Amino acid sequence: MTDKQIIAARIALELNDGDLVNLGIGIPTLVANYVPADKTVTFQAENGIIGLGGLVEDETEIVNAGGMGASILEGGSFIDSATSFAFIRGGHIDVTVLGALEVDQEGSLASWIIPGKKVPGMGGAMDLVTGAKKVIIATKHTNRGIPKILKKCRLPLTAAHQVNLIVTEMAVMEVSKAGLELLEVHPNYSIEDVIKATEAELIINKVLPMKGLSDEN
Amino acid sequence: MTDKQIIAARIALELNDGDLVNLGIGIPTLVANYVPADKTVTFQAENGIIGLGGLVEDETEIVNAGGMGASILEGGSFIDSATSFAFIRGGHIDVTVLGALEVDQEGSLASWIIPGKKVPGMGGAMDLVTGAKKVIIATKHTNRGIPKILKKCRLPLTAAHQVNLIVTEMAVMEVSKAGLELLEVHPNYSIEDVIKATEAELIINKVLPMKGLSDEN
Amino acid sequence: MRSFINAEKFIALLEDGMSIMVGGFLTNGTPEGLIDLVIESNVKDLTIICNDGGYPDKGVGRLVVNNQVKKVIVSHIGTNPMIGTLMSEQKLEVELVPQGTLAERIRAYGAGLGGILTQTGLDTLVQEGKQIIEVNGKKYLLEEALGADIALIGGAIADNYGNLKYNKTMRNFNPLMATACKVVVCEPRKIVDKINSENVITPHPFVDYILVGEYND
Amino acid sequence: MRSFINAEKFIALLEDGMSIMVGGFLTNGTPEGLIDLVIESNVKDLTIICNDGGYPDKGVGRLVVNNQVKKVIVSHIGTNPMIGTLMSEQKLEVELVPQGTLAERIRAYGAGLGGILTQTGLDTLVQEGKQIIEVNGKKYLLEEALGADIALIGGAIADNYGNLKYNKTMRNFNPLMATACKVVVCEPRKIVDKINSENVITPHPFVDYILVGEYND
């Protein structure tokens, strides 16, 4: 499994039968490939789909939130942007999975701007992080060795104190009131490796081997 | 013509081709009978109809805002209450016609409560008076001799300073910044009769005979 | 995700002291079968949120007559004299809300908003106890979002996925309430195989339970 | 009330310095024929309100490239590098708005609200210069209603009455913008005889003009 597949497969285990889920662009999109067959998960695309299906080349009438040709599943519906964000902001999305530039031990996320360098804009990310019931960050553990999991985000925030779980190719970490707890570590790495690659202080109690690695795809 | 017919026929002259109009219960409802054939006016019912048609006995699936069986015209649509009041509050209704308990020379209206006596509630009246582009009050000039057109409303208000025109069986009066101007008087009455039946101070410049009386129905 | 339930399971959802939103406008679109079951359950001290007070023998009015209601939040009570009587005897609390404000407050809750700014109700009794907020020199009332424990949805055509559309004017408050409650139960008028994805009004993730059995017509 | 117009009449509606809302999400549902005509008109100093900045050769991005735009109000500019460049050269003003907030601000204007209270953007750059309002102990940003001079609506199926529904994901911001502008112009994908009253998304009174001619497919 590639690093991206490891992250996506692990996050898929967090989805429950019946959940309504919004996946961000990039690694988060891959999570859809790992939903177990015995669970029915409905995907939402913030441009206005309940029941997003897979990508469809050359499709121009149905697109996903990345503007790519997509499909809608049986039982799905098309909605306007206000209704779409009513789902997102009204707490009707059970899980959102998003990428990060930085994420910190307080559960704050930075993902939409590098001042003076790159300003793509926040799109729907601020709404998703603020409104979804559970926010999971899917990210490489470091940016070429530079920690992305920090004590406190240095880039402008997407939202403060909203992240619940961080999943990287190295580890699974949960944000609680006490701080950031290291829950699982990938067998390729030691706990020490993770600590070294992480700027945030990690609470270490019982650490398990990372789940979901057997479900190759 | 009865008093009610006089009022309704006169108000119908205020409607323009293409207008979206909401009529309240009572005398206002009669206005629909007097729309000239050369004008297309669309009626809205706040329970969720654009393109309200006439009453239909024993109809239970389509009702008007008074709960009575009604119909929808070709090209009409059914909408939810939020969209219905987006029309009303967002300035998309050209004219609303409503009844009054009291109305005053400042354009304030009282129509929803007589404290200690009768509290039907405001329904959609506060929204209509506040949101419609033009607010016309259809009312008998007095309540059995007791003036309803006052210097200042004594009952709790439906809205302050929103009424544009008052039409009674005796007269047509316009609310302007200067005050309440007497525009037209029904031929059965003198200007003196109107002044006597009105508590409000009337501005009297050029007073015309009431229009619309020839269009019997 | 929706599941189909029977009368017994619905009654098991009910508790004393609950807040219940009930769809319908002067009972058009009110789920009378669910009202029957609330009466059968005989739960007490309910807070009922509905467009209006219904009639003594129809809609939410029946719950008032059956002495199950502590408080009503409605825009109009004129069709149910019992409510006025109980209110003046101080046996029933009545919160009267302008209809458009009621619709927006419910929608706001479902959309995750804390409240909305409206001019409806300014300088009237409705203003009492509320924050007045100035935006660009104009004054607005801050009206708070309104949610409830359970929504009873009527007037709907459901499909096998739990999507809803609504029959004619029965739409009214139903789709708004379906977004604003912890538990959403629909008594459909009929169940079809599939609603076209472009015509769904309430997408299935908003709906928890669909009542099946003798109550559908 | 809607009327059918041609390219020439549309161009006559345009003026330098106008604010223009343009529907579509990454150009899916954007009326490219109307954009062509805005380019043809060569009006300048426009304020463009759209979900995103489109692409250099598609959607509102073309207006930026053609140097007609003074300011954009969008949630995302990542797909149009030209916007970032002009922004850093201070030749283009860019207001980045969270997507859900953008949708609600536009809807609020159309519904006559002064603004809405949201937690999206709290403790981020989005908060700067905005009122923070406390409701029941929780903090919210006050986001003001957003309207414009003219709305360009795409992705629609129109009927002969001027009612609109939308094709698949092309709905997105289109129905919201159709409520929030002084003048609303639609470039439909096709025109049908009549849309079923229960399936209309934008009732005809919201629509002023429908473009006919070579631009429909």
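Naming: A, B, ... by sequence-line order, numbering from 1 per chain. Keep in mind that this is a model prediction, so the values were computed, not measured.
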With a 4.5 angstrom heavy-atom cut-off, could you sort out which part of B/Q162 is near chain C: side chain, backbone, both or neither? neither

Of all of C/I106, C/N167, C/L122, which one pairs up most often with chain B through heavy atoms under 4.5 Å apart? C/N167

Most contact-rich option vs chain B, by heavy-atom pairs under 4.5 angstrom, among C/G78, C/G84, C/G100, is C/G100

What part of B/I79 lies closer than 4.5 angstrom to a heavy atom of chain C: side chain, backbone, both or neither? backbone

Between C/N51, C/T27, C/T118, C/D52, which residue shows the highest count of heavy-atom pairs closer than 4.5 Å to chain B? C/T118

With a 4.5 angstrom heavy-atom cut-off, is it the side chain or the backbone of B/I49 that approaches chain C, or both, or neither? side chain

Interface residue of largest heavy-atom contact number with chain C, from B/A45, B/S108, B/A65, under 4.5 Å: B/A65

Minimum heavy-atom separation for B/N64 and C/F25, please, with both atom names. O-CE2, 4.4 Å

What part of C/P175 lies closer than 4.5 angstrom to a heavy atom of chain B: side chain, backbone, both or neither? side chain

Please identify, among B/R89, B/E46, B/H161, the residue contributing the most non-hydrogen atom pairs under 4.5 Å to chain C. B/R89

Tell me whether the count of non-hydrogen atoms from other residues, nucleotides or ligands lying under 6.0 Å of NZ in B/K196 goes above 12. no

If you apply the rule side chain to side chain contact (heavy atoms under 4.5 Å, CB included), what do you find for C/Q99 with B/F85, and how did you get there? CA-CA 8 Å; C/Q99 201 168 113; B/F85 282 89; 3.3 Å; yes

Where does B/S81 contact chain C at under 4.5 Å (heavy atoms): side chain, backbone, both or neither? both

Under 4.5 Å to a heavy atom of chain C? For B/T158 that would be backbone

Where B/T60 and C/M170 come nearest, the two heavy atoms and their spacing: O-CE, 4.0 Å

Please find the pair of heavy atoms, one from C/L125 and one from B/P156, that lie closest to each other, and give the distance. CD1-CB, 3.7 Å

Tell me whether C/Q90 at atom CD has more than 12 heavy atoms from other residues, nucleotides or ligands lying less than 6.0 Å away. no

Any donor-acceptor pair under 3.5 Å linking the side chain of C/T169 with the backbone of B/E61? yes

Please report the closest heavy-atom contact between B/A82 and C/E104, naming both atoms and the distance. O-OE2, 4.4 Å

Does any backbone or side-chain atom of C/V74 lie under 4.5 Å from a heavy atom of chain B? Answer side chain, backbone, both or neither. neither

Among the listed options C/N80, C/L102, C/V97, C/V94, the residue most often paired with chain B at heavy-atom distances under 4.5 Å: C/V97

Note: C/V126 and B/M122 closest approach over all heavy atoms is CG2-CE, 3.7 Å

How far does CD1 of B/I62 sit from NZ of C/K168, to the nearest 0.5 angstrom? 5.0 Å

Hey, is OH on C/Y109 packed in by over 12 heavy atoms from elsewhere, all under 6.0 Å? no

Neighbour count >12 (heavy atoms, 6.0 Å) for atom NZ, C/K194: yes

If I measure from the heavy atoms of chain B, does C/T101 come under 4.5 Å with its side chain, its backbone, both, or neither? both

Contact class of C/L176 relative to chain B, heavy atoms under 4.5 angstrom: side chain

For chain C, which of B/A70, B/G121, B/P120 has the most heavy-atom pairs under 4.5 Å? B/P120

Side chain, backbone, both or neither: which part of C/N172 has an atom under 4.5 Å from a heavy atom of chain B? both

Top contributor to chain C interface from B/G48, B/G124, B/G123, B/S84 [non-hydrogen pairs under 4.5 Å]: B/G123

Go through the steps for C/L96 and B/V119 under the test side chain to side chain contact (heavy atoms under 4.5 Å, CB included), then give the verdict. CA-CA 10 Å; C/L96 286 166; B/V119 190; 3.6 Å; yes

Within the supplied structure, the quantity of interest is the number of heavy atoms (other residues, nucleotides, ligands) at a distance under 6.0 Å from C/K130 NZ; does it exceed 12? yes

